[in-house]
Structures are given as structure tokens and as C-alpha cells.
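Numbers here simply count residues along the sequence, with the first being 1.
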Amino acid sequence: FTFGDLENNTSPGGTYDDFTEDPELVFEYVVGETYDVSVTLGTNGGTYTKGAKVFIDWNYDGDFDDEGETVFTVDPQDLDWTAEGTITIPADAPLGQKFLRVVVKETSTLSSITPCGTYTWGGTEDYKIILVSNSTPSAKFSADKTSVLVNETVTFTDNSSSGDAPEIDSWSWNFGE
């Protein structure tokens, strides 16, 4: 399974894997941006029809049942293959931690793949993702000196518009020993 920078190749045969606390598998995604996704399905030693779905709990309400939370589907087939596509992070998605779930199931019917349920053959993987803003703060500063000696002080002045933030007009930094 891949999603943006997240890449995790798991062995077939697992029923449930919780990767939500694995720091090497937690990545940030920018709201409004589109990311590549892929799900690789193998036969696990036989020729079985299987499909997959990827879900994201955008509103972080503990389920994957809300509109738009099924974000990628893989129609059932009986081959080894990798399905590829994209997922766009909704521009209005609340920032912060979210859960992503991948469900692979032996089935010939895509509608039988649900975010929560039981099945005889298949696997579920959970991941944590972090949604971040697509805007970067801007700041404009000036300094009264651009070169100093030991024990001299530079005064920085904030020339940016701070909106509702508390006003800090200037501050000094002493380059003492």
C-alpha cells in the first residue's frame, strides 16, 4: 500500500494490522492537495478473486461511514496486480490527526467490502495521517545591523501584518560571549 510518502509492504495472510503508532508510517498531507495511492493485491498461493477499499475518517468521528470517506476502490479481480489512482484531501477537511483504513477482501462483489466487519479471507490495515494547512505564514523582518561583533546587539523589527496575533514590534538579540 502506498499513499503519498507512506509506503508499507505487508505479507499476505494478516487479518488486522494496526500501524497507527508506527512513527515511520505517519505522514503529513496538505488539505486541498492530491496524492498518488496504490494497492497491490496478490494471490497468496492461489487464484482468488479479491478487491479493496481505502477509507479516511475525515471528520475524526470514529467511523468511516460518512459521505466521502470511501476514498479509493479496487474492483475485484483474480490476478496479481497493483491498482493505482489518486486521493484528494478535501480543502475543508479539519486539520490534525485522522485515521486511514485499507481493507482487502476475497470477494467478487465490491459492495461487500466495508470498513468494519468480519470476513474469512482478507486483511485490514489502519494508519494515522496528519492533515496540515496549505498556507505558510509569511513574515517580514528588518534588522538594524547585518553584521555584528561580539557583545553587540541587533534589533529586529517585525514589518509584517499580524492580523489577530499579539503585537510584537521589535526585539533585541545580544551576541555576547
Side-chain angles (χ1 to χ4, degrees), residues 1-11 14 16-41 52-74 82-104 115 123-177:
F1 170 70
T2 64
F3 176 46
D5 290 333
L6 190 162
E7 181 176 345
N8 193 24
N9 299 313
T10 55
S11 300
Y16 176 73
D17 292 300
D18 182 356
F19 299 109
T20 59
E21 297 304 319
D22 185 338
E24 293 181 9
L25 295 175
V26 177
F27 290 91
E28 292 184 343
Y29 298 86
V30 178
V31 293
E33 296 292 320
T34 300
Y35 297 89
D36 292 330
V37 61
S38 67
V39 177
T40 300
L41 299 174
K53 288 185 180 178
V54 178
F55 306 90
I56 299 178
D57 183 8
W58 295 124
N59 60 359
Y60 202 59
D61 67 348
D63 64 47
F64 301 97
D65 298 332
D66 300 299
E67 184 177 338
E69 291 187 336
T70 301
V71 296
F72 185 68
T73 60
V74 180
T82 298
E84 298 176 336
T86 59
I87 295 174
T88 300
I89 309 298
D92 61 349
L95 302 180
Q97 174 177 289
K98 309 293 177 222
F99 290 111
L100 178 149
R101 175 167 288 173
V102 181
V103 178
V104 176
T124 299
E125 297 178 355
D126 281 343
Y127 298 90
K128 181 180 355 180
I129 64 173
I130 309 295
L131 300 189
V132 297
S133 174
N134 63 356
S135 62
T136 55
S138 63
K140 297 177 184 172
F141 296 96
S142 62
D144 66 341
K145 298 176 190 172
T146 58
S147 170
V148 295
L149 300 174
V150 173
N151 291 322
E152 287 189 327
T153 300
V154 176
T155 300
F156 296 92
T157 303
D158 182 358
N159 300 317
S160 62
S161 170
S162 61
D164 293 333
E167 294 291 326
I168 300 175
D169 296 323
S170 65
W171 58 99
S172 298
W173 187 1
N174 183 283
F175 291 86
E177 291 185 81

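The nearest pair of heavy atoms linking Ala52 to Val39 is CB-CG1, 4.0 Å. Nearest heavy atoms, Pro23 versus Glu21: CD-O, 3.1 Å.
When side chains are defined from C-beta on, Tyr29 does not count as touching Ile87, because their heavy atoms never get closer than 4.5 Å. With a 4.5 Å cut-off on side-chain heavy atoms, Asp63 and Pro115 do not count as touching.
Atom-to-atom distance recorded for Asp144:CG and Thr157:OG1 is 7.0 Å, nearest 0.5 angstrom. Taken from CG in Leu131 to CD1 in Ile56, the straight-line distance is 7.5 Å, to the nearest 0.5 Å. Here Glu125 contributes atom CD and Thr10 contributes atom OG1; the two are 3.5 Å apart, rounded to the nearest 0.5 Å. Put simply, CG on Leu100 and CZ on Phe64 are 7.5 Å apart, with the number rounded to the nearest 0.5 Å.
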Just list the side-chain donor-acceptor pairs under 3.5 Å for residues 30-38, sequence neighbours left out, or say none.
unit_1	atom_1	unit_2	atom_2	d
Thr34	OG1	Thr88	OG1	2.7
Tyr35	OH	Val30	N	2.7
Ser38	OG	Thr2	OG1	2.5

Side chains of residues 66-74: which donor-acceptor partners sit under 3.5 Å, not counting sequence neighbours?
unit_1	atom_1	unit_2	atom_2	d
Asp66	OD2	Asn59	ND2	3.1
Glu69	OE1	Asp65	N	3.3
Glu69	OE1	Asp66	N	3.1
Glu69	OE2	Trp58	N	3.1

>> Between Tyr127 and Phe1, is the ring-ring contact (aromatic ring centres under 6.0 Å, His included) condition met? List the steps.
In response: CA-CA 11 Å; Tyr127 298 90; Phe1 170 70; 5.4 Å; yes
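Residues satisfying the side-chain hydrogen bond (donor to acceptor under 3.5 Å, both in side chains) criterion with Ser142, sequence neighbours excluded, are Asn159. By the ring pair (Phe, Tyr, Trp, His ring centres under 6.0 Å) test, Phe27 pairs with no residue at all, sequence neighbours left out. In this structure Thr20 satisfies the side-chain contact (heavy atoms from CB on, under 4.5 Å) test together with Asp18, Phe99, Asp126, Lys128, sequence neighbours excluded. Taking Glu28 as the reference, Ile130, Val132 meet the side-chain contact (heavy atoms from CB on, under 4.5 Å) condition, with sequence neighbours excluded.
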